[in-house]
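One structure is given below, encoded as structure tokens.
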Amino acid sequence: MAGGTLPAGHIGRVAIVGLTGMAVDFLAFQAFFLLGAGLNSAQILSFGLATLFNAALNARWAFAAEDGKPLPRSGDHIARLLVVALLALSLRGGVLACATGLLGLPAPSAILFAIGAAAVVSTGGAAFFVFPSVRSPATGAARWRVAAIGIVGYSVALRLMFLGTAELLPQEAYYWNYAQHLDIGYLDHPPMVAWLIWAGTALFGNNEFGVRIAAWLCWGVTAFFSFGLAGRLFGRQAAFVCVLLVAALPFYFGTGLVMTPDAPLTACWAGALFFMEGALRGGQRRAWWGVGICIGLGLLSKYTIALLGPAALLFMLLDARARVWFRRPEPYLAAALALVLFAPVIVWNVENGLASFAFQSTRRIEGAFRFSLPELLLGVAGLLTPTGLVAAFAALWLRERGVRPQAPGLSPGAIRDQSDLPGPWLFVGLFTLVPLAVFVAYSLFHMARLNWTGPLWLAVLPAIAAGLLAPTDHAGALQRHLHRAFMPTLAISLIVYGLGLNYLVAGLPGLGHVADVPALPVAWRAFGGEAAAIADEVRTATGEAPLLIGLDTYNIASELAFYATDNGAAPGVSVGRGVLDQPSLMYGYWYSADTLRGRPAILFAFTRRQIDNPLLDAHLSDSGEVGQRDLVQNGRVEGHFYYRVGRLRAQPDSAGAAQATVIPQTESAIRSN
């Protein structure tokens with residue numbers, strides 16, 4: 001990692017090299033594109049040529065030593081150059097996809113915006129990361145602050161570019177269907193995700209950007225409150241590093257890109273921690289109103305935020321200063337406020353036999369025995385990276401030597417003696433370990449979902465940030481290793497995100513995607529187009545809009561509902577397999593088989609075994625042969641699917657329907673969220 005400012009004498013040279021490299025990039029792209037290279041191949045080839053040109057001129061001239069000698073090359077120098085190049089290429093691909101896909105610009109013009117974005121990343125990376133001649137002897141804290149500003153800005157821009165270009169995950173399409181059936185509650189989740197998607201699509205239309213924009217904004221809320229919490233606990237420098245972690249660690253990067261209940265949950269969790277700290281450590285009465293609002297909105301997002309309640313109670317029991325709140329009305333008023341905000345979900349459950357509460361509690365507890373603690377720990381390593389996981393536990397148990405907590409209620413520069421503080425480590429530990437203990441206990445007997453623990457690590461991120469800033473002179477071996485490993489870990493993570501998103505949108509140059517749909521979230525739009533064409537044929541033949549029935553729990557039904565449209569007019573209705581008496585989550589609430597009997601229907605599946613099943617005849621009459629169609633995207637076959645046309649029986653065959661429960665399934669009825 002490096003930081004510093006560019007010497008004045010180098011600024012003109014850097015500008016000349018940058019502008020010349022952009023010209024080389026532009027001309028090379030036009031040549032490759034005119035010669036028949038595809039858009040993706042042409043932009044990668046031209047970028048590679050321009051990068052080599054810039055690197056040579058920068059080393060030999062723009063960043064050369066004062067005596068004019070070129071900089072010596074080393075493995076470290078080459079590695080840094082490669083990191084910056086891959087980051088620039090990733091953002092460039094996102095900008096190009098936006099310009100061509102969303103704005104409709106022709107490729108020869110769109111490449112100008114992509115080149116400009118890559119030039120910003122390349123120039124900044126060269127000045128502060130690649131070339132040692134411009135590194136200053138600034139303190140480690142200052143270097144981390146420069147890194148934080150750069151990484152946060154890059155992460156925010158990268159996600160923004162792909163919000164509207166990557167196709168929806170099945171979960172996102174399912175929650176979009178929530179918004180099409182707007183309500184105050186749903187079987188498997190509270191309604192916040194539906195409300196946010198409704199707002200986003202009302203502003204930007206029923207497209208990927210409209211579905212996801214709220215997730216991107218929720219990340220901003222998470223970052224804002226995480227910055228404030230880290231500043232209160234460990235000072236302003238730690239706050240910058242904490243936001244860097246929120247920007248680059250996998251779980252938090254994902255919640256700012258993918259629209260699931262985890263996005264608003266994480267934002268509310270961060271806000272609840274910020275206000276909890278102000279109330280419990282800082283003694284701020286007004287902070288309890290923030291606690292009530294954040295917990296209430298969090299409960300409208302996902303029920304797991306209730307685990308902050310036991311953590312707060314334990315803190316009040318263990319910390320003498322915080323026990324005063326037992327005798328004051330503010331905590332009880334905060335709980336009442338949260339309950340009022342949560343009331344719509346309570347009303348929905350009362351009206352629907354407590355279905356959602358049962359789904360998220362007794363149904364999970366009554367599930368089959370499964371010891372999943374190893375999977376839980378591996379999942380956490382995936383959410384935080386292995387380096388982040390080790391750093392989290394090091395912060396909790398070693399309490400990072402050299403870390404000095406921040407006094408509550410004081411300006412960032414005012415540090416009191418640690419003995420006068422009401423336990424920042426107690427706050428960090430309890431608000432991390434109490435929720436974690438619940439998930440660990442559950443994993444001893446049942447299958448724990450990998451994303452469940454993501455929000456709880458927000459409490460320990462400030463301590464990790466402070467540990468990265470702490471002097472290493474007297475640190476143990478583990479802490480020194482973590483200091484050395486963190487920046488490479490974050491750099492690799494950002495590269496993986498960027499290249500992965502480019503792969504999902506454009507595939508490998510000349511090869512497309514190596515895995516078929518539905519293993520990857522690609523070609524769903526092509527699937528929707530093919531399904532719509534089949535539905536049009538059936539509608540023309542029968543005079544009725546057919547039912548579109550996906551034979552998995554919800555993936556196919558959700559993607560068909562979003563993508564199987566023809567100029568905005570749906571040729572069929574995606575109803576889910578609930579009409580076949582199979583579990584289909586909310587589709588069983590939205591569509592009743594009794595009201596749809598006798599309608600033409602089209603069954604869809606990605607495996608022939610699912611659709612070529614005689615037990616389906618209990619629900620389907622006049623069914624034809626199983627058909628197969630390829631999914632073509634960008635001129636390449638990305639997979640295929642199977643379909644079968646028939647008519648939903650006026651009355652299901654009772655004997656066949658009883659056996660139909662054994663229709664093969666490819667996924668559990670209980671989703672990962």
Side-chain angles (χ1 to χ4, degrees), residues 192 217-236 238-239 242-243 246 252 255 263-319 321-342 405-412 421-432 434-435 454-463 465:
M192 180 62 77
L217 296 174
C218 283
W219 182 89
V221 175
T222 302
F224 174 81
F225 283 120
S226 295
F227 183 92
L229 177 66
R232 286 179 173 181
L233 292 174
F234 298 106
R236 189 173 181 83
C242 184
V243 174
V246 172
Y252 307 106
T255 57
L265 170 72
T266 305
C268 293
W269 199 295
L273 288 175
F274 174 81
F275 290 113
M276 282 281 192
E277 192 278 339
L280 297 177
R281 294 188 67 239
Q284 302 169 9
R285 292 189 174 188
R286 288 184 297 178
W288 284 109
W289 296 111
V291 171
I293 292 172
C294 289
I295 296 293
L297 296 178
L299 288 170
L300 289 174
S301 304
K302 212 168 180 179
Y303 302 138
T304 49
I305 199 170
L307 295 176
L308 292 177
L313 180 61
L314 274 177
F315 189 96
M316 291 164 64
L317 289 172
L318 295 176
D319 189 272
R321 297 172 181 83
R323 288 181 204 139
V324 67
W325 294 115
F326 284 115
R327 303 189 300 273
R328 292 181 178 174
E330 286 84 359
Y332 308 103
L333 292 174
L337 176 58
L339 193 62
V340 169
L341 292 173
F342 185 55
Q406 179 79 30
L410 299 181
S411 63
L421 295 175
W425 294 105
L426 180 64
F427 182 89
V428 169
L430 287 178
F431 282 91
T432 302
V434 170
L456 69 86
W457 303 107
L458 287 169
V460 78
L461 291 187

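- Nearest heavy-atom pair across R323 and M316 is CG-O, 2.7 Å.
- The distance from the OG1 atom of T266 to the NZ atom of K302 is 8.0 Å, given to the nearest 0.5 Å.
- No side-chain heavy atom of V434 sits less than 4.5 Å from a side-chain heavy atom of L456.
- For the pair W269/L308, a side-chain contact is recorded, criterion being any heavy-atom separation below 4.5 Å from C-beta on.
- Residues L280 and D319 form no side-chain contact, since every pair of their non-hydrogen atoms from C-beta on lies 4.5 Å or further apart.
- The minimum heavy-atom distance linking G278 with A287 is given by the pair C-CB, 4.0 Å.
- When all heavy atoms are compared, the tightest approach of A239 to A230 is CA-CB, 3.6 Å.
- Residues Y303 and F342 are in side-chain contact: their nearest non-hydrogen atoms beyond the backbone lie under 4.5 Å apart.
- For the atom pair CZ of F427 and CG of L318, the computed distance is 13.5 Å after rounding to the nearest 0.5 Å.
- Taking CE of M192 as the reference point, atom CG of L341 lies at 8.5 Å (rounded to 0.5 Å).
- Between F431 and L458, every side-chain heavy-atom pair lies at or beyond the 4.5 Å cut-off.
- Between W425 and F315, a ring centre-to-centre spacing not shorter than 6.0 Å is recorded.
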Check your understanding: Given the rule in the side-chain contact (heavy atoms from CB on, under 4.5 Å) test, do T255 and T222 qualify, once you have shown the distances and angles that lead to the verdict?
Key -> CA-CA 10 Å; T255 57; T222 302; 5.7 Å; no
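- In this pair, F225 and F274 present their aromatic rings tilted. The plane angle is within the 30 to 60° band.
- Considering I305, T304, L265 in turn, I305 is the only one that fulfils the side chain to side chain contact (heavy atoms under 4.5 Å, CB included) rule with L299.
- Taking the ring centre of W289 as origin, the terminal cationic atom of R286 falls outside the region bounded by 6.0 Å and 45° from the ring axis.
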Practice item. Might you work through the side-chain contact (heavy atoms from CB on, under 4.5 Å) test for V246 and W219, ending with a clear yes or no? Key: CA-CA 9 Å; V246 172; W219 182 89; 3.4 Å; yes
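- L233 and R281 get closest at one heavy-atom pair: CD2-NH1, 3.3 Å.
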Exercise for review: Quick one: do L317 and F326 satisfy side-chain contact (heavy atoms from CB on, under 4.5 Å)? Show the steps, please.
Suggested key: CA-CA 9 Å; L317 289 172; F326 284 115; 3.8 Å; yes
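- Smallest separation of non-hydrogen atoms from V243 and A223: CG2-O, 3.7 Å.
- Here the shortest heavy-atom pairing between A463 and V428 reads CB-CG1, 4.2 Å.
- Taken from CG in L339 to CD1 in I295, the straight-line distance is 12.5 Å, to the nearest 0.5 Å.
- A 4.5 Å side-chain heavy-atom check between Y252 and L461 finds at least one atom pair inside the cut-off.
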